[in-house]
Amino acid sequence: MLDIDLDKLIFILDAEYELYQNIYNLAKVKKEVIINREIDQLKEIVKQEEAYLAKTTTLEEKRRKLCNEKPLSEMLDIVDSHYKEKLTSIQDKLLTVFEDLKGINSLNKDLLNISLNLNNMTMNFLTADNKRSTYSKQGMVNSNQGKHTILNHKA
């Protein structure tokens, strides 16, 4: 028979689900923070995410030890129906939150790339050499005009 504390396994999986749900909620807040370009708040969210991820790693290690390194899908094949229902329900919730996280993280990645590209375009515009020519009264190009930029990126 099975020599695993299934109640403890369910407790660990529920705790993991709660942590991933918190990470998902942070990702939704992160989306708004990225859109509003709130860098300090973004740094804070990343720190919170890292703390949650560290906790999930610890819980996952406990789950693996408890299950003798067997994946949850394999555990479902060897437990009785009462526990199988509970474990299947938790597995479904975890899979849903993982898919949701995947989607919001992809969106946040795209938003960050767009923001970075906009920043790069702005910096290129502000630091680009001014190539405009000015003609003198005689119709000749005024050669004593120096390079002008809006920002001095060497400073």
Report task. Work out which heavy atom in L42 is nearest to a heavy atom in V33; give both atom names and the distance. Result -> N-CG1, 3.5 Å

Query raised in the report: Just how far is it from atom CG of N22 to atom CG of L53, taken to the nearest 0.5 Å?
Result: 11.0 Å

Report summary line: In short, E69 meets K65 closest at the heavy-atom pair OE2-N, 4.5 Å

Query raised in the report: Within the distance-only criterion (no hydrogens, no angle test), does the side chain of D80 pair as donor or acceptor with the backbone N or O of H82 below 3.5 angstrom?
Result: yes

Query - Qualifying side chain to side chain donor-acceptor pair (under 3.5 Å) pairs with a residue from residues 38-58, counting only residues at least two apart or across chains - result: K30-E49

**Report entry** Sidechain N-carboxylate O distance under 4.0 Å for R63, E60
**Finding:** yes

Query - ILVMFWY network linking F11 to L13, side-chain heavy atoms under 4.5 angstrom - result: no

Requested in this report: To the nearest 0.5 angstrom, please state how far the CG atom of D14 sits from the CG atom of L59.
Outcome: 11.0 Å

Query - pair Q91-S73: side-chain heavy atoms closer than 4.5 Å - result: yes

Requested in this report: Give a yes or no on whether I114 and I35 share a hydrophobic cluster (residues Ile, Leu, Val, Met, Phe, Trp, Tyr; joining criterion: side-chain heavy atoms under 4.5 Å apart).
Outcome: no

Requested in this report: Look up atom NZ in K93 and atom OH in Y20, then write down how far apart they are to the nearest 0.5 Å.
Outcome: 15.0 Å

Query raised in the report: Between CD of E32 and CG of N108, what distance do you get to the nearest 0.5 Å?
Result: 9.5 Å

Report task. Indicate the atoms forming the closest heavy-atom contact of N105 with A27, along with that distance. Result -> OD1-CB, 4.0 Å

Query raised in the report: Are L126 and L118 joined in one hydrophobic group, where the rule is that I, L, V, M, F, W and Y side chains link up if heavy atoms are under 4.5 Å apart?
Result: no

**Report entry** Min side-chain heavy-atom separation L94-I90 under 4.5 Å
**Finding:** yes

Report summary line: Taken to the nearest 0.5 Å, the spacing of K31 NZ from N36 CG works out to 10.5 Å

Report task. Give a yes or no answer on whether the side chain of T96 reaches the backbone of D92 with a donor-acceptor pair at less than 3.5 Å. Result -> yes

Report task. Could you tell me whether F98 atom CZ has more than 12 heavy atoms of other residues or ligands within 6.0 Å of it? Result -> yes

Report task. Any chance you could lay out the side-chain contact (heavy atoms from CB on, under 4.5 Å) test for M123 and N120, step after step, and finish with the verdict? Result -> CA-CA 5 Å; M123 287 303 294; N120 286 338; 5.6 Å; no

Query raised in the report: When rounded to the nearest 0.5 angstrom, what distance separates CD in Q21 from CG in L19?
Result: 10.5 Å

Query raised in the report: For I4 and M75, which heavy atoms make the closest approach, and how far apart are they?
Result: CD1-CE, 3.2 Å

Query raised in the report: Quick one: do L107 and V29 end up in the same hydrophobic cluster if we chain Ile, Leu, Val, Met, Phe, Trp and Tyr together by side-chain heavy atoms under 4.5 Å apart?
Result: yes

**Report entry** side-chain contact (heavy atoms from CB on, under 4.5 Å) between L111 and S115, intermediate numbers included
**Finding:** CA-CA 6 Å; L111 288 171; S115 181; over 6 Å; no

